[in-house]
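Data first, discussion second: the structure below is written as structure tokens.
Computed from a prediction, not measured in an experiment: that's the story for all the values here. Protein chains get the first letters and strands the later ones, always in sequence-line order, with residue 1 at the start of each.
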Protein chains: 2
Amino acid sequence: MTQEKIDPRVLRTRKSIMDAFIELSTKKEFKDITVKDITTEAMVNRATFYAHFEDIYDLLEKVLSEVFLINLDHRILAENTFNEETVVSIFTAITNFQRSLSSRCHRGYEDTIARIIRDQLDVIFNKLLAAKHAEKDDDIVKRTTTMLSWGIYGASVEWRKNSMHLSPEVFIKKAIPFIFTGVELSYVGGDGDV
Amino acid sequence: MTQEKIDPRVLRTRKSIMDAFIELSTKKEFKDITVKDITTEAMVNRATFYAHFEDIYDLLEKVLSEVFLINLDHRILAENTFNEETVVSIFTAITNFQRSLSSRCHRGYEDTIARIIRDQLDVIFNKLLAAKHAEKDDDIVKRTTTMLSWGIYGASVEWRKNSMHLSPEVFIKKAIPFIFTGVELSYVGGDGDV
DNA sequence: GCCAATCTGTTGGGTAAACAACATATCTCA
DNA sequence: TGAGATATGTTGTTTACCCAACAGATTGGC
């Protein structure tokens with residue numbers, strides 16, 4: 001696709017900065033972490049940090065995106081199809097991601113995290129839906145993507161708030177009829193009634 | 001002392017090459033490890049390897065020296081005194097080092113390893129003895145150092161061959177009288193009779 | 001034997017990272 | 001309030017590393 005060999009020095013530096021940040025996150029709160037802390041831990045020059053990231057918020061964003069992506073089941077995405085399994089898999093990834101975040105401490109950045117997750121969902125859903133509906137109007141696909149991203153994310157918020165006694169899988173399956181047939185809810189496949 | 005800030009890139013690169021080598025050593029025999037293998041594992045360019053090491057034997061040597069040094073009790077060395085405790089501590093380090101080597105596989109390099117250990121011992125003993133006998137003839141110290149290095153190393157070989165049923169500590173304590181009083185064996189301190 | 005493949009060790013030109021130095025916030029505590 | 005300390009970004013120069021390409025040595029199969 002669109003990857004023109006990246007210099008291994010760049011990869012190493014980025015990884016070591018991100019690893020350092022993740023490491024520090026387990027020891028201090030985000031607000032107490034300075035760029036100096038990170039570069040010291042990562043054994044890179046402070047100027048090098050700014051060659052790779054806008055600032056510490058940019059780093060936070062990129063780290064979170066990456067951690068979220070790691071939670072995704074790449075086998076599912078690789079198939080590039082959009083079906084019930086896809087939805088369940090992605091929803092599970094969101095809940096896992098949020099669980100892993102709550103163990104580290106990023107208090108006060110819920111909004112940032114929410115935006116990052118939705119952005120990622122948007123990219124993923126857009127790719128999957130564009131493949132499924134190659135012939136359709138781009139804007140239709142975009143509007144659908146937006147609705148899905150916000151909707152699924154909202155579902156995860158609702159799950160966390162009121163329904164953690166249900167498994168993420170069981171929970172999201174109740175949304176499958178809407179996702180696949182809209183408000184008619186005429187979906188009959190799978191086991192939406194579990 | 002004699003340390004003029006080393007560029008952190010150099011430190012990182014060296015460490016990552018050495019780590020890669022140690023990692024590979026647990027999977028393959030030394031003779032099957034190529035420079036390419038190491039640099040690939042270490043994520044550095046092959047040319048960079050040659051900027052830091054003569055060749056793969058040079059690397060082996062430096063890695064082993066370092067691993068051996070790690071085995072040493074730095075508290076003992078820091079005191080910079082030469083006494084019974086020093087001897088026991090160093091002897092124990094040698095036996096530990098050899099034990100850790102036998103679990104990795106460097107078959108066919110016993111001679112190299114022996115030389116490395118003796119070289120390290122020589123440096124250490126020379127430092128300790130020079131401090132103890134600052135006023136003595138340098139050559140006397142050097143000759144003593146040589147005898148000690150070879151002697152202690154020989155003792156470790158003998159221990160491995162015929163006396164592994166004894167603890168290294170018990171074993172080497174029987175040599176303490178000779179080390180501290182020469183062939184008169186008139187040493188009376190410590191518990192040489194355990 | 002011989003050829004193809006692989007490994008070793010070296011080179012020159014290009015690029016990422018180190019470093020020091022600077023101006024500009026933000027903090028902190030007397 | 002204001003002065004000293006610490007953090008943020010930025011810049012120009014130097015240095016370590018990347019890379020491609022090379023010749024020569026070793027290895028392994030037919």
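- Following chains of ILVMFWY side-chain contacts shorter than 4.5 Å, one can reach A:M164 starting from A:F97, so the two form part of one hydrophobic cluster.
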Inset, instruction - Quick one: do B:F30 and B:Y57 satisfy ring pair (Phe, Tyr, Trp, His ring centres under 6.0 Å)? Show the steps, please. - result: CA-CA 10 Å; B:F30 176 75; B:Y57 300 97; 5.8 Å; yes

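- Between the side chains of A:T146 and A:K142, no donor-acceptor pair is found at a separation under 3.5 Å.
- Spacing between atom CD1 of B:I56 and atom C1' of C:dT8 amounts to 10 Å, rounded to whole angstrom units.
- Atom CD in B:E54 sits roughly 13 Å away from atom C1' in C:dT8 (whole-Å rounding).
- The main-chain N or O of B:F178 is never found under 3.5 Å from a side-chain atom of B:T181 such that the two would form a donor-acceptor pair.
- The interatomic distance linking A:I38 (CD1) with D:dT8 (C1') rounds to 12 Å, in whole Å.
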Legend entry - Per-nucleotide protein contact string for nucleotides 12-28 of chain D (B base, S sugar-phosphate only, - none; heavy atom under 4.0 Å): ---BBBSBS--------

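- Rounded to whole Å, atom P of D:dT8 lies 8 Å from atom CZ of A:F49.
- The OH atom of B:Y57 sits 11 Å away from the C1' atom of C:dT8 (whole-angstrom rounding).
- Listed pair A:Y50 / D:dG9 meets the phosphate criterion, a side-chain N or O lying under 4.0 Å from OP1 or OP2.
- Rounded to a whole Å, the CD1 atom of A:I17 is 13 Å from the C1' atom of C:dA18.
- A donor-acceptor contact closer than 3.5 angstrom links the side chains of B:T86 and B:N83.
- Atom NZ of A:K31 and atom P of C:dC27 are 11 Å apart (whole Å).
- A donor and an acceptor atom, one from each side chain of B:D37 and B:T34, are located under 3.5 Å apart.
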